[in-house]
Structure formats: C-alpha cells, structure tokens
Colleague: 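One structure is given below, represented as structure tokens, and several questions about it will come after.
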Amino acid sequence: MTDTVVLPSADALTEDDIDPTLDLVAEIGRLRKERNAVILAHYYQDGEIQDLADFVGDSLDLSRKAAATSADVIVFCGVRFMGEVAKILSPGKTVLIPDAEAGCSLEEACRADAFRHFRAKHPDHIAVTYINCSAEVKALSDVIVTSSNAEAIVRQLPADRPILFAPDRHLGAYVARKTGREMTLWPGSCIIHEQFSERELVKLKVRHPAAKVAAHPECPDAILAHADHVGSTRNILDFVLASDAPEFIIATEPHIIHQMEKAAPHKTFIAAPGADGSCNCASCPFMAKNTLEKIYLCLRNDAPRIEIPEDLRLAAVKPLERMLEMSRSVPMSKGRPDAA
Ligand code: CIZ
C-alpha cells in the first residue's frame, strides 16, 4: 500500500459494529446528504454499488466528474489509484475510498524507481502512461491516458518523437497498431484481462454463432484477434447498445454487464471464459473489496481517506491536466445509459 492513504483511527467503527438490521442503502443516502458527498463508481463495481452511485463511469469520465464536482466529499468506489486521481484533481475535497487495500496489478507492476530508470534510459521519448498507476509514476510521466482516450492522445503527439508506453503492454501494442506509432512498451499487464482463454472463447463462439465479441484492449492479442469490436468499457457499452446483434460475448471485467443488462434487457450478454470454461476468473479481486458496509463505514469514519503530499500532487497533476486537455474530442458519456 502507498502512504497516500490515511487509515481509520483505532476507535473507528468496524464491520462488526454495524447493526445487521440497518438499511445500508438508506443510511448511505442519509450520510451522503449530511456530508454533501458524491458517490462515484467504476463500471467494474458490484451492481448494488453501481445502483446507489451518483455517477457510474470509466476512469476518464470519473476523473472529469471528480474535477468538476461541487460536493465537499467524494466517495470513490473503484480502486485506490482512482481515488488518488480524484484527490490530485480536487485537492480541496475530502476523498474517501471504501477499502485502502483495493490496489491494481498494473500499478503493482510498475514501481516508481524502476519507471524512473526506464525513463532515464530513453531521455528523448515522450512518456505516455496509462492511468492505472501510482501518483508517483504519474508524476514522472508526460501525459496520462485511459483506454478511452489513449489513441486520440497518441495521435496528437509530435510525429518525430519516440514514445514510451507504460504499464500495460497489451493496450500499448493495440494503440501502436492503431496509430502506426513506434512505442517502447513497459512489460506489465492486467491479471484480469490475462485470464481469458482463446481456446474457450473459440468454443463459446461456435456455440453462439450470432454473438458479437467485444473485447477490451488490455486483453492479449490472441483474444483481440477474435473480437468484432475492441474498446474501453464505455466504448464497449456504446457498441452493444447501438448494435443490432442479439447476443454479445464480453471480454473485460464482467461487472460492466450490469449496465448492459439494465439498458438492453432484451439482449444477451455472456462473460468471456477463462481456461476452465467459466467466466468467474475475470472478476477483479481488488474492485470486489468494496462493499455497501465499507461505503457506509468510510462516510461514518471519514477514512480511509486519500492524502497526497503537495509536491507529489503538483507533479502528478500536470500530466493529468494534459490528459483532460487533450481529451476534449472524447465526449463525456452519460455514465449509466439508463440515466436521464
Ligand atoms: O479506463 C478505465 O476506467 C478502465 C480501467 C477500463 C476502461 O476501459 O474503462
């Protein structure tokens, strides 16, 4: 864990202190009002968390929301680096996360010291870094990207400058192919998107010949090769809602299917399989750490809270603001497709 998280004090309430008869959704609603809080949730969160959030989205739209909110408190239901982004962009707000242990395998795969060394070995390169990284790595980067804007941002970079891309090598390779830009890739990957099995996917396609495959660019090439559509979560969501196909195989974290089923109940969505033929392998264990109990507790305890040293924040905010500036061509999504 980074030292950017303030943990609850010893006398804070714990899950054992919660009255089991408490209506948690109502209590969270009451605390949200009392504290002028906004609850932001990623598409990879459990359906019940998505349903109580004020806004559901991907990292790009959640960053935009965090930067623009007038709330005093942001409860960020996602993983820790997303809460850090909210605090970097909105330093005057209290940013709470339900579970301080909600990390990210990509963040783990790219430690700041090693990244500093990587940069030093390629001094003439522009460092394009996926948002799934620590505040320290952001501070060492030139521009941050998400899977929604990576291609659009790379296309805006000077053609005569070589590019470093970290930490997801699959997303980097995909963007390099799409843009024709040469990139030196950091050798990281997401444990979730690495789980999908090409063999099981092919078997599933044979059993569902009408199904379109939509895959996230964090998937290895062998999976992307079978995809009818490749995109970020919000982009896959737009694709399945716009398509006439009746059935879809979804190769990303399967909780995104919650929004798909709500917005298009007449369509069938199947989570892409892992090596054992089931789809459970792709549930993110870090995203799953957040629960209604922990959301309630973080609002009660005012912790875990993200705090970032100001010198680190000032260094990390530059590449994030550059990202927001260079993403103007990527419109804000509605979040929940069924929302007004
Ligand atoms: O950018 C994000 O939020 C992630 C992690 C995936 C996606 O495609 O939305």
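Along the sequence shown, the residues carry numbers beginning at 1. Remember, it's 1-based here, ligands and their atoms both numbered in the order they're listed.
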Colleague: Are any of the N/O atoms on E218, whether in the backbone or the side chain, positioned under 3.5 angstrom from an N/O atom of ligand 1?
Modeller: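 No.
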Colleague: With a cut-off of under 6.0 Å to the ring centre and 45° to the axis, is K212 in cation-pi contact with F248?
Modeller: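 So K212 doesn't make the cation-pi contact.
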Colleague: Please list the nearest protein heavy atom to atom 9 (O) of ligand 1 with its residue and the distance rounded to 0.1 Å.
Modeller: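 Going by distance alone, atom 9 (O) of ligand 1 is nearest to T233 OG1, 2.4 Å.
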Colleague: Looking only at N/O atoms, are Y44 and ligand 1 under 3.5 Å apart anywhere?
Modeller: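 Between Y44 and ligand 1 (N or O atoms, distance only) the closest approach is not under 3.5 Å.
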Colleague: Which ligand 1 atoms, with their elements, are less than 4.0 angstrom from a heavy-atom of S232?
Modeller: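 Result: 8 (O).
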Colleague: Under the side-chain hydrogen bond (donor to acceptor under 3.5 Å, both in side chains) test against T4, which residue among E307, E84, R313, R80 passes?
Modeller: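 It is E84; the other options fail the test.
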Colleague: Tell me, which protein residue and heavy-atom name are nearest atom 6 (C) of ligand 1, and how many Å apart are they?
Modeller: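 Of the protein heavy atoms, H216 NE2, 3.4 Å lies nearest.
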Colleague: Would you call D142-R119 a salt bridge at under 4.0 Å N-O?
Modeller: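 Answer for the salt bridge query: yes.
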Colleague: Is the F239 ring parallel, tilted or perpendicular to the H229 ring (thresholds 30°, 60°)?
Modeller: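 F239 vs H229 ring planes: parallel.
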Colleague: What residue and heavy atom of the protein are closest to atom 1 (O) of ligand 1, and at what distance?
Modeller: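 Of the protein heavy atoms, S59 OG, 3.3 Å lies nearest.
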Colleague: Checking the N or O distance criterion of under 3.5 Å, is ligand 1 in contact with T146?
Modeller: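 No - when backbone and side-chain N and O of T146 are compared with those of ligand 1, no distance drops under 3.5 Å.
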Colleague: With a 4.0 Å cut-off on N to O distance, would you call R32 and D54 a salt bridge?
Modeller: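 Yes, this pair counts.
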Colleague: Is any NZ, NE, NH1 or NH2 atom of the basic residue among D61 and R234 found under 4.0 Å from an Asp or Glu carboxylate oxygen of the other?
Modeller: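 So D61 pairs with R234 through a salt bridge.
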Colleague: Output yes when the distance from some N or O of ligand 1 to some N or O of H42 is under 3.5 Å, and no in every other case.
Modeller: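 Min N/O separation from ligand 1 is below 3.5 Å for H42.
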Colleague: Measure the acute angle between the ring planes of F115 and F118, then classify it against the limits of 30° and 60° as parallel, tilted or perpendicular.
Modeller: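 Geometry flag for F118 against F115: tilted rings.
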Colleague: Answer yes or no: does an N/O atom from N132 fall short of 3.5 Å to an N/O atom of ligand 1?
Modeller: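 No, since none of the N or O atoms of N132 sits under 3.5 Å from an N or O of ligand 1.
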Colleague: In ligand 1, which numbered atoms sit nearer than 4.0 Å to a non-hydrogen atom of D58?
Modeller: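 Those atoms are 3 (O), 9 (O).
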